[in-house]
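Here is the structure we will look at.
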Amino acid sequence: MLSEADIARAVSVLRAGGLVAFPTETVYGLGADAANDAAVQKIFAAKGRPHNHPLIVHIADVTHVATWARDVPPAVHRLAQRFWPGPLTMVLKRAAGVSDFVTGGQQTIALRAPSHPVARALLARFGGGIAAPSANRYGRVSATTAGHVRQEFGDDLDFILDGGATDIGIESTIVDLSRDRPSVLRPGAITERMLEDALGAPLAPPDRASPRAPGMHARHYAPRTPLMVMEADLLLELASSLVRQGKRVAVLARSAQQPLLQGLTWIGAPADPGGYAHALYADLRRLDAAGCDAILAEAPPGDMEWAAVRDRLTRASAGGV
Ligand code: TXA
Ligand code: MG
């Protein structure tokens with residue numbers, strides 16, 4: 001169990017310009033004082049992340065929005081009321097004085113008020129904004145436990161707040177509110193339907209003028225083992241033919257039943273999108289660690305509730321569905 005003393009220690013590390021990994025309800029974040037450029041630069045160095053990739057600034061609640069953003073539309077308050085604290089990131093026009101380090105040089109800023117009690121305690125006690133990407137090396141699978149964070153960074157971090165396994169398991173939904181019509185830049189647990197319901201208006205599809213969300217690069221969230229996504233029947237066929245050729249195959253199944261085959265590492269994923277997302281990154285890490293020649297993942301269903309899971313699997317497979 002974490003204590004007040006752990007939170008206090010994390011806050012002093014942040015104040016001193018250090019890095020603290022902390023749990024959120026989505027994935028673990030790698031945090032630094034968002035107002036301290038030198039501290040923010042340490043995040044890029046630790047992750048090996050390109051400098052033009054903007055970070056999400058985590059805030060305690062909607063009253064902090066005005067510190068970071070300007071021309072804040074009424075939709076922000078509507079969405080904050082419904083979904084904050086929670087797994088929703090809002091992209092807004094950045095306020096004057098917000099540093100290029102946090103925003104990757106863009107004219108927008110991404111803000112999120114997380115709901116995890118440890119993140120909330122940290123933000124309340126720290127008082128300012130905490131810039132935090134997911135706590136993984138660039139392009140790799142996000143961390144959903146403190147153990148994953150240690151696997152990623154070893155002793156490179158100043159402090160890790162261990163809040164156990166995260167609840168949702170995949171990153172927040174990102175909605176762009178910096179232009180006339182809101183649009184979703186990254187799907188997450190809060191679906192387009194939930195956003196449209198709260199906004200009382202349809203979302204626009206993102207277009208070429210949308211703010212860049214560089215985490216949306218095709219290959220991302222990727223294990224080291226090559227991963228392919230396919231329907232169950234093809235998966236079973238391919239798995240047995242690869243095994244017959246002497247290859248070692250890891251499978252992330254959903255509906256498919258495990259065949260009697262030597263040389264298969266098999267995980268049956270939960271049948272509902274929430275359970276699937278919760279387990280996804282830990283599953284990918286386990287399959288990756290099995291040292292197989294390939295990971296075959298069964299394609300998720302096509303409906304909106306599965307959009308975020310589909311997105312992460314597609315990126316983990318470098319786009320080859
Ligand atoms: O659930 C989450 O969002 C987690 C936890 C730690 O809060 N954070 C997270 O951060 O996923 P990161 O850095 O791994 O992904 C942030 C995404 C990136 O794709 C980045 O490009 C996008 O947000 N982003 C950040 N600022 C942006 C901006 N101003 N405009 C457009 N996209 C932005
Ligand atoms: Mg990330």
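The structure presented is a predicted model; accordingly, all values stated were derived computationally and were not measured. Just so you know, residue 1 is the first one in the sequence shown, and it goes up from there. First listed ligand is number 1; within each ligand, the first listed atom is number 1.
- Residues Ile160 and Ile130 do not share a hydrophobic cluster, clusters being chains of Ile/Leu/Val/Met/Phe/Trp/Tyr side chains in contact below 4.5 Å.
- Note: an N/O pair closer than 3.5 Å links Thr26 and ligand 1 by distance alone.
- The stretch residues 65-96 participates, sequence neighbours left out, in no ring-ring contact (aromatic ring centres under 6.0 Å, His included) pair at all.
- Set against the non-hydrogen atoms of Val91, the atoms of ligand 1 under 4.0 Å away are 30 (N), 31 (C).
- Look at Arg94 and you'll find every heavy atom at least 4.0 Å from all atoms of ligand 1.
- Distances below 4.0 Å separate heavy atoms of Ser172 from the following atoms of ligand 1: 1 (O), 2 (C), 3 (O).
- In the hydrophobic clustering of this structure, Ile295 groups with Val141; members are Ile, Leu, Val, Met, Phe, Trp, Tyr whose side-chain heavy atoms approach within less than 4.5 Å, directly or through other members.
- Within the 4.0 Å heavy-atom criterion, the part of Ile109 lying near ligand 1 is the backbone and not the side chain.
- Below 4.0 Å from some heavy atom of Ile174 lie the following atoms of ligand 1, by number and element: 17 (C), 22 (C), 23 (O).
- Counting heavy atoms of neighbouring residues, nucleotides and ligands inside a 6.0 Å radius, atom CD of Gln245 exceeds 12 of them.
- With a 4.0 Å cut-off on non-hydrogen atoms, Gln107 does not touch ligand 1 at all.
- Among the atoms of Ser134, an N, O or S atom falls under 2.8 Å of the Mg ion (ligand 2).
- Within the 4.0 Å heavy-atom cutoff, Arg112 counts among the residues contacting ligand 1.
- Salt-bridge formation is detected for the pair Arg125/Glu4: a Lys NZ or Arg NE/NH1/NH2 atom is positioned less than 4.0 Å from an Asp or Glu carboxylate oxygen.
- Within the 4.0 Å heavy-atom criterion, neither part of Thr103 lies near ligand 1.
- The parts of Glu171 lying near ligand 1 are both backbone and side chain, judged by heavy-atom distances below 4.0 Å.
- Close contacts between ligand 1 and Thr108 involve ligand atoms 28 (C), 29 (N), 30 (N) [criterion: under 4.0 Å to a heavy atom].
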**Request:** Test His53 against Tyr138 for ring-ring contact (aromatic ring centres under 6.0 Å, His included), laying out the working first.
**Result:** CA-CA 10 Å; His53 281 208; Tyr138 178 63; 5.5 Å; yes
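- Those atoms of ligand 1 with a heavy atom of Ile56 less than 4.0 angstrom away are 3 (O), 8 (N), 9 (C), 10 (O), 16 (C).
- In terms of polar-atom proximity, Ser134 is counted as a contact of ligand 1, with an N or O under 3.5 Å from an N or O of the ligand.
- Across the listed options Gly105, Ser178, Gly188, Pro54, Pro54 owns the non-hydrogen atom lying nearest to atom 27 (C) of ligand 1.
- Counting non-hydrogen atoms of other residues, nucleotides and ligands closer than 6.0 Å to CG of Asp180 gives a total of 12 or fewer.
- Relative orientation of the Tyr276 and Trp306 rings is perpendicular, given thresholds of 30° and 60° on the angle between their planes.
- Those atoms of ligand 1 with a heavy atom of Arg49 less than 4.0 angstrom away are 12 (P), 13 (O), 14 (O).
- Checked options Thr166, Val149, Leu280; the residue passing with Thr144 is Thr166 (criterion: side-chain contact (heavy atoms from CB on, under 4.5 Å)).
- Of all the atoms in ligand 1, the ones that sit under 4.0 Å from a non-hydrogen atom of Arg186 are 2 (C), 3 (O), 9 (C), 11 (O), 15 (O), 16 (C), 17 (C).
- Dense packing is recorded around CZ of Arg179, with more than 12 heavy atoms of other residues, nucleotides or ligands lying under 6.0 Å away.
- Every atom of ligand 1 is numbered from 1 in the order shown, and the set under 4.0 Å from a heavy atom of Ala110 is 25 (C), 26 (N), 27 (C), 29 (N).
- More than 12 heavy-atom neighbours from other residues, nucleotides or ligands sit within 6.0 angstrom of CZ on Arg70.
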